[in-house]
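Scroll down for the structure; my scribbles are underneath it.
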Amino acid sequence: MQVSVMGSSYYSVSILFFLLCSTSAATYDGPLYDHTAYTECQATPEKALYGGGILANQRSVHWKDRDDSGVGDATPAFILSNLTQGTYYSFSVWVKVKAAYPTTVTASLKTDTTTYYCVGSASAHRNCWSFLKGGFVLEEPSTSSILYLQSPARKSVGVSVARASLQPFSPEQWTASQQNVIDTQRKRAVTIHVSDSQGNRLQGASVKIQQLSKEFPFGSAISKTIIGNQPYQKWYLERFNAVVFENELKWYATEPQQGQVNYTVPDKMMEFVRANGLIARGHNIFWEDPKYTPAWVKSLSGAGLHAAVESRIRSLMDKYREEFVNWDVSNEMLHFDFYENKLGRGATLHFFRTAHEADPLATLFMNDFNVVESCVDMNSTVDEYIARMRELQRGGATMDGIGLESHFSKPNPPLTRAILDKLATLKLPIWLTEVDISNKFDHSTQARYLEKVLREGFSHPAVDGIMMWTALDSKGCYQMCLTDGNLNNLPAGDVVDKLLKEWYTGVQTGSSDQQGSFSFYGFLGEYSVKVEYSGRTVNSTLSLSKGDETKQLSIRV
């Protein structure tokens with residue numbers, strides 16, 4: 001028996017791959033979504049995406065909201081006619097301001113009946129052009145709408161626009177674009193060649209392929225309720241390959257009283273992680289929100305606080321060195337500043353440096369909310385996130401991951417995708433770290449919105465992992481459970497199971513053709529291969545990771 005793996009000289013082109021294997025290709029009749037984005041301010045604006053789309057021949061007008069208090073200038077706007085319900089509109093434009101200081105500019109949409117505040121944002125400057133990308137989906141059709149750009153504070157900043165684009169996608173076209181990314185980024189083409197001991201290709205050999213594991217990390221937060229809970233553990237392992245602890249590693253949980261460090265509970269949870277080979281995220285080393293800072297820490301200052309945080313980093317990182325692939329270092333720093341207020345602006349930089357020294361193999365993340373969920377929170381717009389990350393990197397911080405909590409209310413898929421596009425320009429791994437849907441919605445609505453969020457995450461080429469928040473809790477989940485107390489799926493759980501099945505190759509069977517070959521497209525991960533011919537059987541394994549080449553496996557029977 002001989003088994004060999006090699007790379008092919010035949011490269012897969014994404015569009016060709018899409019046409020060959022996408023289930024939606026036969027009916028697709030529109031442009032593929034353009035993920036292009038820019039985060040550097042530029043002397044001149046780039047060309048409009050999609051040639052401007054339905055704004056190709058339209059110039060902006062000066063418009064002022066009648067509801068405005070009268071403060072500020074008229075803003076640039078675009079008059080839109082006959083927008084349709086359910087269509088996905090992708091919007092982009094280059095902006096700059098006359099103000100001497102950087103200013104956030106937002107795009108909003110006013111329809112016949114509704115105002116959609118902030119469907120895109122950018123940090124604009126005086127002497128260069130910034131790229132704003134976003135979009136919207138209407139809840140009802142609109143015969144006449146105004147898409148306008150302004151400073152949220154309605155200051156007189158003098159907004160200018162250039163190279164605007166508004167591209168509509170039907171739901172089918174939007175789904176086809178998602179499928180294109182899945183087919184080209186989450187899968188790989190494989191050809192298995194079967195031959196005899198002399199190298200002669202064998203036709204009619206039976207081939208069975210079975211996926212054993214997935215490369216893409218997909219999981220949920222767990223709490224101490226999983227310890228010793230065999231039914232819950234079984235339910236979890238049937239679905240997920242990644243895990244994050246909800247609260248058990250947070251400082252208030254491991255050291256409620258100064259000097260009384262106790263890792264008993266997370267140690268027991270780690271036994272479950274280790275025994276089952278799960279990918280684990282570390283959450284979190286520090287939390288900038290004073291509400292979740294241990295009371296004894298809040299009473300410290302100066303050298304005492306510095307010694308305490310130093311001890312916290314070393315204790316936690318030494319204890320679990322190389323156990324966690326990711327760490328959220330200073331959680332929610334865009335919204336809170338407890339440590340920086342106490343220790344100075346360099347505190348966060350020190351946290352990242354020290355954490356990297358303690359565990360050089362861990363990917364260190366910024367992690368915050370209201371970055372990808374919407375753009376109405378001026379503390380955490382996509383450009384604010386990027387600016388803070390670049391500031392830390394310039395200071396020498398080793399930070400290699402973008403953490404997006406993803407606590408959604410009603411999702412806006414075009415905006416979510418646009419924000420991910422801008423973050424992708426940093427060329428760092430992006431994780432959706434705490435996905436759930438607000439409990440102000442009923443279970444069915446939560447499930448429907450959850451599916452939109454998960455599909456956007458999995459189908460974006462820059463997203464490297466998805467973690468949902470706790471799936472089961474006897475005291476009630478933070479916002480959204482996947483199951484009831486008896487491990488019966490709630491509607492959100494049904495959505496997760498459906499998508500996990502859809503994003504899994506499962507078992508592939510067939511026979512080698514006249515050239516002795518058997519081909520398939522498989523999701524990235526590990527596979528078992530079984531080949532039978534004339535009473536002889538050969539078992540092998542196959543590993544699929546990202547690559548443009550067709551993966552080749554040669555088996556001699």
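Looking at Thr348 and Glu340, their side chains come closer than 4.5 Å, going by heavy atoms from C-beta outward. Looking at heavy atoms from C-beta onward, Leu499 lies out of side-chain contact with Phe458 at the 4.5 angstrom threshold. Side chains of Met480 and Asn439 form no contact here, defined as non-hydrogen atoms less than 4.5 Å apart. Phe408 is not listed as a side-chain neighbour of Lys452, based on a closest heavy-atom distance of 4.5 Å or more. Side-chain contact between Leu166 and Phe136 is present, with at least one heavy-atom pair separated by less than 4.5 Å. Looking at Tyr478 and Asp473, their side chains never come closer than 4.5 Å, going by heavy atoms from C-beta outward. A heavy-atom distance below 4.5 Å is not found between the side chains of Phe336 and Asn379. The closest side-chain heavy-atom distance from Leu49 to Lys133 is below 4.5 Å.
Here the CD1-OG distance, from Ile386 to Ser123, works out to 10.0 Å after rounding to the nearest 0.5 Å. Rounding to the nearest 0.5 Å places CG of Leu423 at 7.0 Å from OH of Tyr385. Atom CG of Leu482 and atom CZ of Arg239 lie 8.5 Å apart (nearest 0.5 Å). The NZ atom of Lys291 sits 12.0 Å away from atom OG1 of Thr293, with the distance rounded to the nearest 0.5 Å. The line from CG of Asp368 to OG of Ser406 is 11.0 Å long, rounded to the nearest 0.5 Å. Separating the CG atom in Leu278 from the CG atom in Asn241 is a distance of 7.5 Å, to the nearest 0.5 Å.
For the residue pair Ser90/Gln167, the side-chain donor-acceptor check at 3.5 Å is not satisfied. Side chains of Glu46 and Trp94: no donor on one and acceptor on the other come within 3.5 Å. For the 3.5 Å distance criterion, the side chains of Thr416 and Glu456 fail to qualify, holding no donor opposite an acceptor. Of the N and O atoms on the side chains of Ser444 and Asp442, not one donor lies less than 3.5 Å from an acceptor on the other residue. Side-chain contact check for Thr75 and Gln150: no donor-acceptor pair (N or O, by modelled atom type) lies under 3.5 Å. A donor and an acceptor atom, one from each side chain of Thr425 and Thr39, are located under 3.5 Å apart.
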Problem set entry | Phe369 and Asp377: CA distance, side-chain angles, deciding distance, side chain to side chain contact (heavy atoms under 4.5 Å, CB included) verdict | CA-CA 9 Å; Phe369 62 92; Asp377 186 342; 4.2 Å; yes

For this session: Apply the test side-chain hydrogen bond (donor to acceptor under 3.5 Å, both in side chains) to residues Asn489 and Asp497: give CA-CA distance (whole Å), side-chain angles for both, the deciding distance (0.1 Å), then the verdict.
Result: CA-CA 9 Å; Asn489 271 3; Asp497 285 353; 2.7 Å; yes

For this session: Show your reasoning for whether side-chain hydrogen bond (donor to acceptor under 3.5 Å, both in side chains) applies to Asn284 and Tyr292.
Result: CA-CA 11 Å; Asn284 51 53; Tyr292 301 104; over 6 Å; no

Exercise. After noting the C-alpha distance and the side-chain angles of Arg388 and Glu384, does the key distance pass the salt bridge (Lys or Arg N to Asp or Glu O under 4.0 Å) rule?
Worked result: CA-CA 6 Å; Arg388 188 73 170 107; Glu384 285 297 320; over 6 Å; no

Exercise. Going through the checks in order, is the side chain to side chain contact (heavy atoms under 4.5 Å, CB included) test met by Met399 and Val329?
Worked result: CA-CA 9 Å; Met399 45 192 319; Val329 177; over 6 Å; no

For this session: Dump the intermediate steps for salt bridge (Lys or Arg N to Asp or Glu O under 4.0 Å) on Glu40 and Arg390, then the final yes or no.
Result: CA-CA 11 Å; Glu40 297 286 355; Arg390 284 175 170 163; 3.3 Å; yes

For this session: Starting from the C-alpha separation in whole Å, work towards a yes-or-no answer on side chain to side chain contact (heavy atoms under 4.5 Å, CB included) for Val463 and Leu420.
Result: CA-CA 8 Å; Val463 173; Leu420 291 172; 4.2 Å; yes

Problem set entry | Candidate pair Asp112 and Thr143, rule side-chain hydrogen bond (donor to acceptor under 3.5 Å, both in side chains), full reasoning | CA-CA 7 Å; Asp112 302 325; Thr143 57; 3.2 Å; yes

For this session: Verify side chain to side chain contact (heavy atoms under 4.5 Å, CB included) between Thr433 and Val244, making sure each step is shown before the conclusion.
Result: CA-CA 9 Å; Thr433 58; Val244 62; over 6 Å; no

For this session: Using the side-chain hydrogen bond (donor to acceptor under 3.5 Å, both in side chains) rule, take His283 and Asn326 through it: C-alpha gap first, then chi angles, then the decisive distance, then the call.
Result: CA-CA 8 Å; His283 178 77; Asn326 304 336; over 6 Å; no

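For the residue pair Leu432 and Gly457, the shortest heavy atom distance occurs at CD1-CA, 3.8 Å. Of all heavy-atom pairs spanning Ala48 and Ala164, the tightest one is CB-O, 3.7 Å. Looking at every heavy atom in both residues, Pro152 comes nearest to Met378 through CG-SD, 3.6 Å. Here the shortest heavy-atom pairing between Asn247 and Ala253 reads O-CB, 3.4 Å.
The aromatic rings of Trp469 and His407 sit perpendicular, their planes meeting at an angle over 60°, well past the 30° parallel limit. Note on ring orientation: taking the six-membered ring where Trp is involved, the planes of Trp235 and Tyr232 are tilted (angle from 30° to 60°).
Cation-pi geometry between Arg281 and Trp431 is met: the NZ or CZ atom falls under 6.0 Å from the ring centre, inside 45° of the normal. A cation-pi arrangement is present between Arg417 and Trp174 under the rule of less than 6.0 angstrom and at most 45 degrees off the ring axis.
A side-chain donor-acceptor contact under 3.5 Å links Thr111 to the backbone of Thr113.
Taking the six-membered ring for Trp and the full ring otherwise, the centers of Trp129 and Tyr38 sit at least 6.0 Å from each other. Aromatic rings from Tyr50 and Phe169 are positioned such that their centres are separated by under 6.0 Å. Here Phe351 and Tyr339 bring their ring centres to under 6.0 angstrom of each other.
Atom NZ of Lys47 has 12 or fewer neighbouring heavy atoms from other residues, nucleotides or ligands inside a 6.0 Å radius. The number of heavy atoms from other shown groups lying within 6.0 Å of NE2 (His125) is above 12. Residue Leu237 qualifies as enclosed at atom CG: its count of foreign heavy atoms under 6.0 Å is above 12.
For Lys410 and Glu139, the salt-bridge test passes: some basic side-chain N is under 4.0 Å from an acidic carboxylate O. Ion pairing of Glu502 with Lys498 is absent here, as no side-chain N (NZ or NE/NH1/NH2) approaches a carboxylate O to less than 4.0 Å.
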